[in-house]
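Residue numbers start at 1 and run along the sequence shown.
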Amino acid sequence: MEVEQVLHMNGGDGKTSYANHSLLQRAAISTVKPIVDASIEELCSTLFPECLKIADLGCSSGPNTLLVVSYIVDNIQNTFRKLNLPPPSLQAFLNDLPRNDFNTVFRSLPGFYKKLDEEHENKSGSCFIAAMPGSFYGRLFPDNSLHFVHSSYALMWLSEVPKGLVTKGGEGLNKGNIYIAKTSSPLVFNEYFEQFKRDFTVFMRSRAQELVPGGSMVLTTMGSIKSNDPLCIWEFVGLKLHDMVLDGLIEEEKLDTFNMPYYAPTTDEVREVIEAEGSFTLQNLETFRNDWDSYIKQANCGFEKKARAAILSTDIRAVGEPILASQFGEEAMDDLFRRFEENVLDHMEKEKCQFINLVISLTKKR
């Protein structure tokens with residue numbers, strides 16, 4: 001499986017599109033906003049750039065894509081008003097893999113610029129937005145060209161499925177699962193962990209070359225408390241796929257040889273890679289956790305359990321359908337997510353499952 005070809009959210013603006021089902025990701029961006037604000041304020045107060053250059057890595061598409069840029073424009077305005085100085089211009093690069101729905105992003109830009117001018121009475125300074133397609137597990141920008149890097153809910157996606165999960169003879173080592181699960185062997189966990197370390201090291205090394213000295217990053221990713229038993233929502237998707245195998249709807253071999261290119265690290269694992277790579281000072285590493293349906297309750301406390309399960313199912317489908325359909329077929333998706341919806345919240349309550357979020361704030365050493 002070529003991850004770059006199948007790892008993208010559902011495009012467009014249909015009923016299962018990511019654009020219409022990314023409330024969880026929006027809630028995370030809003031939660032992390034004070035940390036981003038503090039980082040931008042520090043940058044503007046110490047580097048005084050004429051043009052602040054930022055990159056949002058793993059931007060996806062839909063209403064969240066430009067949310068961070070909007071927050072940063074607001075922050076620049078407030079910071080430079082306090083300093084009694086004119087604000088710098090802003091150049092924002094939106095990055096994701098080439099199969100991302102960039103067309104939807106581009107179509108939203110005229111409305112975004114108009115809203116920006118209205119909110120800031122045409123005093124927001126110049127804001128220039130461009131796309132930078134490609135994998136962030138490697139170089140994307142010239143040396144010392146960026147001041148700030150943001151990434152939200154992207155770094156848990158690996159550059160590839162760990163190669164050791166399927167033998168040279170084609171036998172799967174994580175049979176019946178699509179991610180680390182209770183029935184996974186220690187070998188499966190080790191394969192995932194080593195892939196994470198390789199990928200995150202390359203990510204850190206690449207950003208160290210691209211950021212100016214004193215530049216900063218704020219990274220939000222899914223994490224776990226115990227990475228060898230992460231109680232991940234993809235484990236539950238795997239259980240539903242296994243049920244479909246038992247019902248004769250999916251070939252067993254397809255399930256046994258499929259694994260998600262995903263890893264939810266612990267804080268210790270993140271810290272280990274940062275310290276070993278050595279280019280950044282870790283300013284802060286925070287964890288916040290929520291039940292799988294908390295973001296739905298926060299948006300509308302009137303939703304009953306059945307309605308919350310339906311929303312969660314569609315939200316996860318918007319993220320996972322392209323990669324799952326590439327292995328199991330489009331025709332299996334309706335049944336899979338119907339089964340998911342039926343008892344996902346019962347499973348969450350029984351196993352005490354939560355989304356674990358890691359927020360990593362870093363500064364490049366001078």
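In this structure, Met204 is a member of the same hydrophobic cluster as Leu285, with clusters built from ILVMFWY side-chain heavy atoms closer than 4.5 Å. Cluster membership check: Met244 shares its hydrophobic cluster with Ile323, using side-chain heavy-atom separations under 4.5 Å among Ile, Leu, Val, Met, Phe, Trp and Tyr. Side-chain heavy atoms closer than 4.5 Å link hydrophobic residues (I, L, V, M, F, W, Y) into clusters, and following such links, possibly through other members, connects Tyr71 to Tyr113. No continuous path of hydrophobic side-chain contacts links Leu109 to Phe128 [ILVMFWY only; heavy atoms under 4.5 Å].
For the atom pair CD1 of Ile72 and NZ of Lys33, the computed distance is 10.5 Å after rounding to the nearest 0.5 Å. Interatomic distance, CD1 of Ile35 versus NE2 of His150, reported as 10.0 Å (0.5 Å rounding). If you take CG on Asp315 and CZ on Arg308, they are separated by 13.5 Å, rounding to the nearest 0.5 Å. The distance from atom CG of Leu241 to atom CG of Asp335, rounded to the nearest 0.5 Å, is 10.0 Å. From Lys197, atom NZ reaches atom CD of Glu272 across 5.0 Å, with rounding to the nearest 0.5 Å. Note that CZ of Phe203 is 4.5 Å distant from CG of Leu155, once rounded to the nearest 0.5 Å.
When all heavy atoms of Val188 and Ile180 are compared, the pair lying nearest together is CG1-CG1, 4.5 Å. The shortest heavy-atom contact between Val212 and Ser145 is CG1-N, 4.4 Å. Ser135 and Leu97 get closest at one heavy-atom pair: CA-CD2, 3.8 Å. The shortest non-hydrogen separation linking Glu331 to Phe328 is OE2-O, 4.0 Å. Taking all atoms of both residues into account, the shortest heavy-atom contact from Asn78 to Arg81 is OD1-NH1, 2.9 Å. Of all non-hydrogen atoms in Ile76 and Pro88, the two that sit nearest each other are CG2-CD, 3.5 Å.
Two residues are said to be in side-chain contact when any heavy atoms from C-beta on lie closer than 4.5 Å; Val218 and Phe148 meet this criterion. Here the side chains of Val166 and Leu173 are not in contact, with every heavy-atom distance at 4.5 Å or above.
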Might you work through the side-chain hydrogen bond (donor to acceptor under 3.5 Å, both in side chains) test for Asn190 and Glu194, ending with a clear yes or no? CA-CA 6 Å; Asn190 288 333; Glu194 291 302 319; over 6 Å; no
Should Ile360 and Ile274 be marked as a side-chain contact (heavy atoms from CB on, under 4.5 Å) after you check the CA-CA gap, both sets of side-chain angles, and the distance that decides it? CA-CA 10 Å; Ile360 312 156; Ile274 292 169; 3.9 Å; yes
Show your working on side-chain hydrogen bond (donor to acceptor under 3.5 Å, both in side chains) between Ser39 and Ser216 and close with a plain yes or no. CA-CA 7 Å; Ser39 185; Ser216 60; 2.7 Å; yes
Go through the steps for Gln77 and Asp74 under the test side-chain contact (heavy atoms from CB on, under 4.5 Å), then give the verdict. CA-CA 5 Å; Gln77 287 290 304; Asp74 291 345; 5.7 Å; no
Between Thr183 and Asn177, is a side-chain hydrogen bond (donor to acceptor under 3.5 Å, both in side chains) present by the stated rule, with each step listed? CA-CA 8 Å; Thr183 56; Asn177 303 305; 2.9 Å; yes
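Remark: the backbone N or O of Ala310 is not paired with any side-chain donor or acceptor of Ser313 at under 3.5 angstrom. When atom types are taken as modelled, the side chain of Ser70 and the backbone of Leu66 share no donor-acceptor pair closer than 3.5 angstrom.
We find that Glu342 and Arg339 are not joined by a salt bridge, their nearest charged nitrogen and carboxylate oxygen being 4.0 Å or further apart. Using a cutoff of 4.0 Å between basic side-chain nitrogens and carboxylate oxygens, Glu210 and Arg207 are scored as salt-bridged. Between Asp334 and Arg317 there is a salt bridge, since at least one side-chain N of the basic residue sits less than 4.0 Å from a carboxylate O of the acidic one.
Of the listed residues (Trp157, Tyr192, Tyr153), just one forms a ring pair (Phe, Tyr, Trp, His ring centres under 6.0 Å) with Tyr262, and that residue is Trp157.
Using a 30° and 60° split on the angle between ring planes, Phe106 and Phe102 fall in the parallel class, below 30°. Under the 30°/60° scheme for interplanar angles, the aromatic rings of Tyr263 and Phe189 are found to be tilted.
Between Phe288 and Phe355, the distance separating the two ring centers is not shorter than 6.0 angstrom.
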Considering only distance and modelled atom types, tabulate donor-acceptor pairs under 3.5 Å from the side chains of residues 344-351, sequence neighbours left out.
unit_1: Asp346; atom_1: OD1; unit_2: Lys305; atom_2: NZ; d: 2.5
unit_1: Glu349; atom_1: OE1; unit_2: Lys305; atom_2: NZ; d: 3.2

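Considering only residues two or more places apart in sequence or on other chains, Lys240 meets the salt bridge (Lys or Arg N to Asp or Glu O under 4.0 Å) condition with Asp243.
Stacking of Arg198 on the aromatic ring of Phe200 is not recorded, the 6.0 Å distance cut-off and the 45° axial limit not both being met.
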